[in-house]
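See structure below.
Every chain is numbered from 1 and lettered A, B, ... according to where its sequence line falls, protein lines coming before strand lines. In this text the structure is predicted, and so the values were computed from the model without any measurement.
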Amino acid sequence: MLEVAVLKLGEYISLAVSEIYHNKIRTFLTLIGIIIGIAAVIIIIFVIQGAEEYLFHELGSIVPLDLIEIYGRWDPDTQRRLGYISFEDLDYLKEKLGDQIRAVTPVYYFYGDLQKKGHNYECEIIATTEEYQEFYYLNITEGRFISNTDNENFNQVIVLGRDTAEELFAGEEAIGKKITLYDTTFTVIGILPETYKSPIASGGSTGDDNRAFIPLKVVERIFGIHNEFYLWMRATGTETVSSTQQRVLELLDERHGLAPDGESRYYAYNFAEDMEMIRIIKTVLMVLLSGVASITLLVAGIGVMNIMLVIIAERIKEIGLRKALGATRRDILSQFIIESIILCIFGGILGVLLGYFGSRTILSFVRDFVRVEIAVPFWAVILSLGFTTAVGLFFGIYPAMKAAKLDPIEALHHQ
Amino acid sequence: MIQVENLTKIYGKGEIAVTALNQVSFSVREGEFVAVMGPSGSGKTTLMNILGCLDSPTSGTYILSGTDVINMTDKELARIRNRKIGFIFQTFNLLPRLTALKNVEQPMIYRGIRRKKREETARKYLTEVGLEDRMHHLPNELSGGQKQRVAIARALVNNPDIILADEPTGNLDSRSEKDILNILTDLNKKGITIIMVTHNEKVARYAHRIVYFHDGEIVKEEIVNAGGGSIETG
């Protein structure tokens, strides 16, 4: 039974293809609606998907997407933090979390005046440790970054951002020179190269060359600022960010107890949850826009139904003959439904091609700005062809039923 | 082979009702070649449609090869048309987009025969009707006589018991007419039962028996050629 069905299916497909081949112009005109509808769906998916990939790629270049930032909650009444994080806390968390985190570093930033021979220059000062490099790839080529030894020994060393170095030294050799910050002398040990400026963000932690790095322990000891730092952590991936963040807060709560209001003394922030929000917005947008484009396909489907009715009217005699040769109603029904489906799939393929080349054209316009490889997703192609098959099936049923019900004698003697 | 009793076919209802067949009883022996004659509207086409299982009578019985076909479902009738009956039409009714070979293959598709076997069988029958060098031609590249020969090959591929030919030479010149009638006669000699509708007395003379229709009734039967086989005409 199945074998016969497959055999007939093959025959109906080849008949349908031959009909399409013999009616090229009519077929094309009928299918314009489907072609445009599918191309629109493909381009919409391409653009939204591409925009998301681009956004995440850019975000990733600004900040590690698995970053968790933890800090003491600010109490607006007392104008103090409700919780503090110490180096002991840091070690404790490191030990407890083990493999759950890829990196951890304390970060404290403030604005300060760098001075060199009476020349004053304000910039962002970031006090941190060697592990900062686990968060940002600094690609340092001149000198070196802050090391753990610098922190342990309270070395008064400083690493300058590109703009800061330019401003203070203006082309002179800077490494080994001394500058002062709040009357404390620091020796320049490294200069950072120019960083990538993402078009979607201004300022922030990278993309800003007007800054300087010093060892955190020096800040604590010389400026007397203790346990005020933020803790940065990297989870093992964006998927584990939420659970790791939860665990960190639990560990800190166990160690320090809850705040008087019954909430945690600490606050954590991550980008992964924002990304999740972006993803949801993207999906909603994609479904909505594709849905609108699909309405075009339904309208196009009515066109297909119309042409199928014409095809059947033209081939009444063939239907009569086929019945005389032994075709059952089901055979005729299948033949014309298959023809309708093949017609629509053919339109779907043309639509996918148009969508693909349309997407390539769009890509060629934005190539100067977009640094990521974007492609039409394969699932979008499958979805499109699946949808056109459904359109062909749905709108082919009525004409095919009409054909199947034809009286063989009337059909045979139709002129 | 064919046994028809009190066959009546009435088209329409009430005052506009038209009786196409009126209590027709008629039988055909296995291996017989019967010609059906009569003016237009005499009921011969209606009879052929009923014999071909394309139409059902208003009343009466029809037994084909020992099977009562009156109460069969659409699917069962399609099966009978496919396997037991071969149709030949005045206007050939070839599918214009398909080659001679593909046209001949069509009935075998409904029988569920594989492509390779189909092609083999179609070739065999096309060779039998003398079209071995025309297999890949489209119908519009063939002469009338050649088209009718393709149609005969198509009627034969499923090994039918009966061939129903409706004015098979009506659209042909006299030479092709003779060719086609000789082919039919040869087939008949091989044991296939043939029922042929015609307007042409000369054509009818190829049969064993001629049945005359008028106003939905059989008015005369004539044995012309009891032994069968072709006779020289003209």
Side-chain angles (χ1 to χ4, degrees), chain A residues 1-24 26-27 311-312 314-336 338-339 342-343 400-401 403-415, chain B residues 9 11 20 45-46 48-56 72-99 102-118 138-139 151 154-158 160 164 166:
Chain A
M1 270 313 279
L2 182 72
E3 196 191 333
V4 172
V6 170
L7 177 150
K8 285 181 178 174
L9 182 71
E11 237 16 78
Y12 299 151
I13 290 173
S14 87
L15 280 170
V17 170
S18 139
E19 285 301 324
I20 289 173
Y21 177 78
H22 282 96
N23 290 304
K24 291 182 203 79
R26 184 169 82 181
T27 304
I311 285 172
I312 284 157
E314 279 176 356
R315 282 156 63 189
I316 280 186
K317 224 175 153 119
E318 171 185 335
I319 294 161
L321 172 75
R322 288 188 177 282
K323 288 200 163 186
L325 296 182
T328 58
R329 273 186 203 145
R330 182 186 283 247
D331 286 324
I332 300 294
L333 186 78
S334 315
Q335 181 185 340
F336 286 99
I338 299 272
E339 188 158 333
I342 294 290
L343 198 69
M401 267 170 54
K405 278 188 197 151
L406 281 175
D407 180 52
I409 302 160
E410 276 173 40
L412 256 176
H413 296 117
H414 184 85
Q415 291 307 318
Chain B
K9 178 73 183 180
Y11 289 110
T45 303
T46 304
M48 288 294 265
N49 287 337
I50 292 171
L51 294 182
C53 298
L54 289 166
D55 200 358
S56 52
M72 281 190 168
T73 63
D74 171 71
K75 208 177 157 183
E76 287 165 329
L77 289 174
R79 197 182 157 91
I80 298 265
R81 291 195 293 266
N82 186 234
R83 307 207 173 174
K84 293 208 189 275
I85 302 168
F87 289 93
I88 300 170
F89 307 94
Q90 181 175 0
T91 52
F92 324 124
N93 278 335
L94 299 181
L95 295 171
R97 303 238 198 279
L98 303 181
T99 61
K102 273 280 166 194
N103 262 292
V104 176
E105 281 184 37
Q106 296 305 306
M108 291 185 276
I109 292 170
Y110 299 118
R111 204 175 173 166
I113 292 170
R114 284 159 184 267
R115 181 180 289 260
K116 222 178 143 188
K117 173 80 177 151
R118 279 204 312 257
L138 290 170
R154 180 179 65 191
L156 291 173
V157 285
N158 277 344
L164 295 178
D166 188 359

(request) Specify the closest pair of heavy atoms between B/Ala78 and A/Ala327, including all atoms of both residues, with the distance to one decimal. (result) CB-O, 3.8 Å

(message) Could you measure the distance from the CG atom of B/Asp74 to the CZ atom of A/Arg330? Nearest 0.5 Å is fine.
(response) 11.0 Å

(message) Between A/Leu412 and B/Phe87, is there a side-chain heavy-atom distance shorter than 4.5 Å?
(response) no

(message) Whether A/Glu318 and B/Arg97 form a salt bridge (side-chain N of Lys/Arg under 4.0 Å from carboxylate O of Asp/Glu) is what I want to check.
(response) no

(request) To the nearest 0.5 Å, tell me how far A/Arg315 CZ sits from B/Leu95 CG. (result) 8.5 Å

(message) Please classify the contact of A/Arg322 with chain B as side chain, backbone, both or neither, using a heavy-atom distance under 4.5 Å.
(response) both

(request) Count the heavy-atom pairs under 4.5 Å between each of A/His22, A/Glu3, A/Lys8 and chain B, then report the option with the highest count. (result) A/His22

(request) First locate atom CG of A/Leu321, then atom CG of B/Asn93, and finally report the distance between them rounded to the nearest 0.5 Å. (result) 5.0 Å

(message) Just so I understand: if I count every heavy-atom pair under 4.5 Å between each of A/Asp331, A/Val6, A/Asp407 and chain B, which residue has the most?
(response) A/Asp331

(request) Under 4.5 Å, counting heavy-atom pairs only, tell me which of B/Arg111, B/Gln106, B/Arg79 racks up the most with chain A. (result) B/Gln106

(message) Do B/Ile109 and A/Gln335 make a side-chain contact, defined as non-hydrogen atoms from C-beta onward lying under 4.5 Å apart?
(response) no

(message) Using every non-hydrogen atom in the two residues, find where B/Tyr110 and A/Gly326 come nearest and quote the distance to one decimal.
(response) CB-O, 3.7 Å

(message) Give me the atom names and distance for the closest heavy-atom approach of A/Val4 to B/Gly112.
(response) CG1-CA, 3.9 Å

(request) Measure B/Ile80 against the heavy atoms of chain A and call it side chain, backbone, both or neither at under 4.5 Å. (result) neither

(request) To the nearest 0.5 angstrom, please state how far the CD atom of B/Glu105 sits from the CG atom of A/Leu325. (result) 13.0 Å

(request) Starting at CG of A/Leu7, measure out to CD1 of B/Ile113 and round the result to the nearest 0.5 Å. (result) 9.0 Å

(message) Counting heavy-atom pairs under 4.5 Å with chain B, which one of A/His413, A/Lys317, A/Glu11 comes out on top?
(response) A/Glu11

(message) For chain A, which candidate among B/Lys102, B/Arg118, B/Arg115 shows the most heavy-atom pairs at distances under 4.5 Å?
(response) B/Arg118

(message) Less than 4.5 Å apart, side chain to side chain, heavy atoms only: is that true for A/Leu15 and B/Leu98?
(response) yes

(request) Tell me, for B/Arg154 versus chain A, whether the close heavy atoms (under 4.5 Å) come from the side chain, the backbone, both or neither. (result) side chain

